[in-house]
Amino acid sequence: MSNITLMCRVATAFTKDGQAIDAAAQRQFLQRFVDTRLGVYLGSGGQGEGHALSMDELKQVYEIGVEVCKGKVPVYANPPEQYTARGNIAHMKL
């Protein structure tokens, strides 16, 4: 059973005014997942968050997530659904 990896859709931390991602808080939040050995899905479309974030915000979420989690716990993107090939390609380039 020691090979089981638990995964969690992760919320994004915003500044108190809600106008920007709070990068320091996001790093601290993700470190808690690393400390407890939980893998993460970032900017998940499944919970709706991925649809609410701009492409720049998603890019920042992905960059912070990889910075904090890479090589320590599984880190994945669960990209929000795109309706065109062009949209999918743009999102995957993030």
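Quick note: residue numbers are just sequence positions, from 1.
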Can a side-chain donor-acceptor contact be found between Asp17 and Thr15 if the only test is distance below 3.5 angstrom?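 A pair is found: one side chain offers a donor N or O, the other an acceptor, under 3.5 Å apart.
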
Just by distance, with hydrogens left out, do Asp35 and Gln31 show a side-chain donor and acceptor under 3.5 Å apart?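 Short answer, yes.
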
Nearest 0.5 Å please: distance from the CD1 atom of Ile21 over to the OG atom of Ser54.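 Answer for the CD1-OG pair, Ile21 versus Ser54, is 7.0 Å.
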
Atom NZ of Lys59 and atom CE of Met55: how far apart are they, to the nearest 0.5 Å?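 Here the interatomic distance stands at 11.0 Å.
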
Taking a hydrophobic cluster as the set of Ile, Leu, Val, Met, Phe, Trp and Tyr residues connected by side-chain heavy atoms closer than 4.5 Å, whether directly or through intermediates, do [X] and [Y] fall within one such cluster?
X: Tyr76; Y: Ile64; value: no
X: Leu42; Y: Phe33; value: yes
X: Met7; Y: Tyr62; value: no
X: Val66; Y: Leu53; value: no

Ile89 and Lys93: CA distance, side-chain angles, deciding distance, side chain to side chain contact (heavy atoms under 4.5 Å, CB included) verdict: CA-CA 6 Å; Ile89 291 167; Lys93 286 182 177 180; 3.8 Å; yes

Could you tell me which residues satisfy salt bridge (Lys or Arg N to Asp or Glu O under 4.0 Å) with Lys70, sequence neighbours excluded, listed by chain and number?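 With neighbours one apart ignored, the set is empty.
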
With Val75 as reference, evaluate Val10, Val40, Val34 under the side-chain contact (heavy atoms from CB on, under 4.5 Å) test and give the passing residue.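 Per the side-chain contact (heavy atoms from CB on, under 4.5 Å) rule, the option paired with Val75 is Val40, out of Val10, Val40, Val34.
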
Taking atom CZ of Phe29 as the centre, does the number of heavy atoms from other residues, nucleotides or ligands within less than 6.0 Å exceed 12?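 Yes - once you tally the heavy atoms of other residues, nucleotides and ligands closer than 6.0 Å, there are more than 12.
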
Which ILVMFWY residues can you reach from Tyr83 by hopping between side chains whose heavy atoms are under 4.5 Å apart?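 Its cluster mates, by chain and number: none.
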
List for me each residue that meets ring-ring contact (aromatic ring centres under 6.0 Å, His included) alongside Phe14, sequence neighbours excluded, and say none if there are none.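 Checked Phe14 against ring-ring contact (aromatic ring centres under 6.0 Å, His included); zero matches.
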
So, Arg37 side chain and Lys72 main chain: donor-acceptor pair closer than 3.5 Å or not?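 Yes, because the side chain of Arg37 sits within donor-acceptor range (under 3.5 Å) of the backbone of Lys72.
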
Begin from the C-alpha positions of Gln60 and Thr12 and carry the test side chain to side chain contact (heavy atoms under 4.5 Å, CB included) through to its verdict. CA-CA 10 Å; Gln60 186 178 7; Thr12 301; over 6 Å; no

Considering only heavy atoms from C-beta outward, does the side chain of His91 approach that of Leu58 to under 4.5 Å?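 Heavy-atom side-chain distance check passes, below 4.5 Å.
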
Where is the tightest heavy-atom contact between Val61 and Gly43, given as atom of each residue plus distance?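 Between these two residues, the closest heavy atoms are CG1-N, 4.0 Å.
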
